[in-house]
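Note that ligands are numbered from 1 as they come in the structure, with each ligand's atoms numbered from 1 the same way. The structure displayed is predicted, hence computed values, not measured ones.
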Amino acid sequence: MSIAVYPGSFDPITNGHLDIIKRASKIFSKVIVAILINRDKKGFFSIEERKELIEEAIKGLDNVEVVSFNGLLVDFMKEKEARIIIKGLRNSTDFEYEHQMALMNKKLNENVETLHMSTNPEYSYISSSAIRQIVSFGGEIKEFVPANVEMAIKNKVKINLN
Ligand code: PNS
């Protein structure tokens, strides 16, 4: 069985992430979306909220599982008996960062392979941080995130304003 792990912060999941998950799910027998638990950083959404939002967005993709992890990605991979890391590449800036990370993960565990998937050009300018920034200034994000995420963001902003 070929298991691929797609790690990230997913705060929140975007249409770009979703596209990578869908494409990976057609190639591998199982895809594990792994949300990094970062104790040093308070996110926009909690880890549990991010997990629920991803699960709702991927409904119908039966070979995709969503989990959270902390610590080293290579340790998580070992625990899941997975060897393949999937990462999306939007541009050359991503490449510099992702290439370094891939080399480091390889150094930490030589059995792990990172496969880079070029982002669909339609989504290549979308990032979670841009979404958070647009939301903070009251901008429209409908085009960039799954519908359930748009709704959750609107609800959260409403709660924070009250
Ligand atoms: O969506 P992001 O924030 O770019 O995802 C980064 C992530 C989660 C893939 C990366 O930070 C990660 O793998 N963190 C776990 C710690 C680790 O294993 N680091 C690699 C050695 S530098």
Side-chain angles (χ1 to χ4, degrees), residues 2-25 27-28 30-58 61 64-136 141 143-146 148-150 152-153 156:
S2 59
I3 305 174
V5 171
Y6 181 42
S9 304
F10 304 106
D11 190 24
I13 184 171
T14 67
N15 286 341
H17 293 131
L18 192 55
D19 182 58
I20 298 284
I21 295 169
K22 284 180 181 166
R23 287 159 61 193
S25 76
I27 300 169
F28 301 97
K30 182 172 172 183
V31 175
I32 302 174
V33 179
I35 311 168
L36 175 70
I37 301 169
N38 186 345
R39 297 216 166 88
D40 300 331
K41 217 166 121 188
K42 192 183 173 302
F44 183 82
F45 285 112
S46 70
I47 298 295
E48 204 41 53
E49 285 171 328
R50 287 179 227 177
K51 185 170 181 285
E52 281 170 20
L53 289 172
I54 299 171
E55 278 170 346
E56 209 173 320
I58 61 161
L61 299 177
V64 182
E65 179 190 336
V66 189
V67 297
S68 55
F69 77 104
N70 57 33
L72 286 178
L73 178 59
V74 289
D75 291 340
F76 171 78
M77 307 273 303
K78 203 177 255 179
E79 183 192 313
K80 293 287 178 187
E81 297 180 353
R83 289 188 54 204
I84 301 158
I85 301 171
I86 288 286
K87 296 304 287 287
L89 279 187
R90 288 168 299 192
N91 49 42
S92 56
T93 310
D94 270 1
F95 175 76
E96 294 294 335
Y97 173 71
E98 294 297 346
H99 182 56
Q100 189 189 0
M101 190 110 68
L103 294 179
M104 181 55 88
N105 281 326
K106 186 89 188 144
K107 193 79 187 161
L108 293 174
N109 182 345
E110 63 174 3
N111 294 319
V112 161
E113 298 292 349
T114 302
L115 303 184
H116 298 291
M117 199 179 266
S118 292
T119 301
N120 187 325
E122 198 183 332
Y123 306 124
S124 64
Y125 57 91
I126 303 175
S127 66
S128 298
S129 57
I131 300 300
R132 294 194 302 270
Q133 196 171 79
I134 296 168
V135 166
S136 74
I141 45 133
E143 273 183 78
F144 314 129
V145 294
N148 66 311
V149 174
E150 186 209 357
I153 289 176
K156 196 173 262 285

Working to the nearest 0.5 Å, report the span between [atom1] of [X] and [atom2] of [Y].
X    : Y   : atom1 : atom2 : value
I37  : E48 : CD1   : CD    : 9.5 Å
I131 : F44 : CD1   : CZ    : 10.5 Å
N109 : M77 : CG    : CE    : 8.0 Å

Inset, instruction - Return yes when A34 approaches ligand 1 closer than 4.0 angstrom through a heavy atom, no otherwise. - result: no
Could you check [atom] against the protein and tell me its nearest heavy-atom contact, residue, atom and distance included?
atom                    : value
atom 5 (O) of ligand 1  : G8 CA, 3.4 Å
atom 6 (C) of ligand 1  : Y97 OH, 4.2 Å
atom 19 (N) of ligand 1 : L72 CD2, 4.3 Å
atom 11 (O) of ligand 1 : L36 CD2, 3.9 Å
atom 22 (S) of ligand 1 : M104 CG, 3.9 Å
atom 20 (C) of ligand 1 : N105 OD1, 3.6 Å

Inset, instruction - Give the atoms of ligand 1, by number and element, whose distance to some non-hydrogen atom of G71 is under 4.0 Å. - result: 15 (C), 16 (C)
Inset, instruction - Below 4.0 angstrom from a heavy atom of K87, which ligand 1 atoms are there? Numbered from 1 as shown, please. - result: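 Answer, ordered by atom number: 9 (C).
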Legend entry - Heteroatom distance test (S9, ligand 1): nitrogen or oxygen, under 3.5 angstrom: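 S9 vs ligand 1: N/O contact under 3.5 Å present.
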Legend entry - Geometric N/O contact L73 with ligand 1, under 3.5 angstrom: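 There is such a contact, yes.
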Inset, instruction - Give the single entry among K107, M101, H17 that approaches atom 10 (C) of ligand 1 most closely by any heavy atom. - result: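 Nearest option to atom 10 (C) of ligand 1, by heavy atoms: M101.
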Legend entry - Worked check of side chain to side chain contact (heavy atoms under 4.5 Å, CB included) between E52 and F45: CA-CA 10 Å; E52 281 170 20; F45 285 112; over 6 Å; no
Legend entry - Side-chain (R83) to main-chain (N111) donor-acceptor, under 3.5 angstrom: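 Yes, because the side chain of R83 sits within donor-acceptor range (under 3.5 Å) of the backbone of N111.
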Inset, instruction - Might you confirm whether atom CD of E81 has over 12 heavy atoms from other residues, nucleotides or ligands at distances under 6.0 Å? - result: no
Inset, instruction - Test F144 against Y125 for side chain to side chain contact (heavy atoms under 4.5 Å, CB included), laying out the working first. - result: CA-CA 9 Å; F144 314 129; Y125 57 91; 3.8 Å; yes
Inset, instruction - Describe, in one word, how the ring planes of F10 and Y6 are oriented to each other, choosing from parallel (under 30°), tilted (30 to 60°) and perpendicular (over 60°). - result: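 The arrangement is perpendicular - the two ring planes meet at more than 60°.
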Legend entry - Heavy-atom protein contact below 4.0 Å for atom 17 (C) of ligand 1: yes
Inset, instruction - Identify the two heavy atoms, one from P146 and one from T14, that lie closest to each other, and give their separation to 0.1 Å. - result: CD-C, 4.0 Å
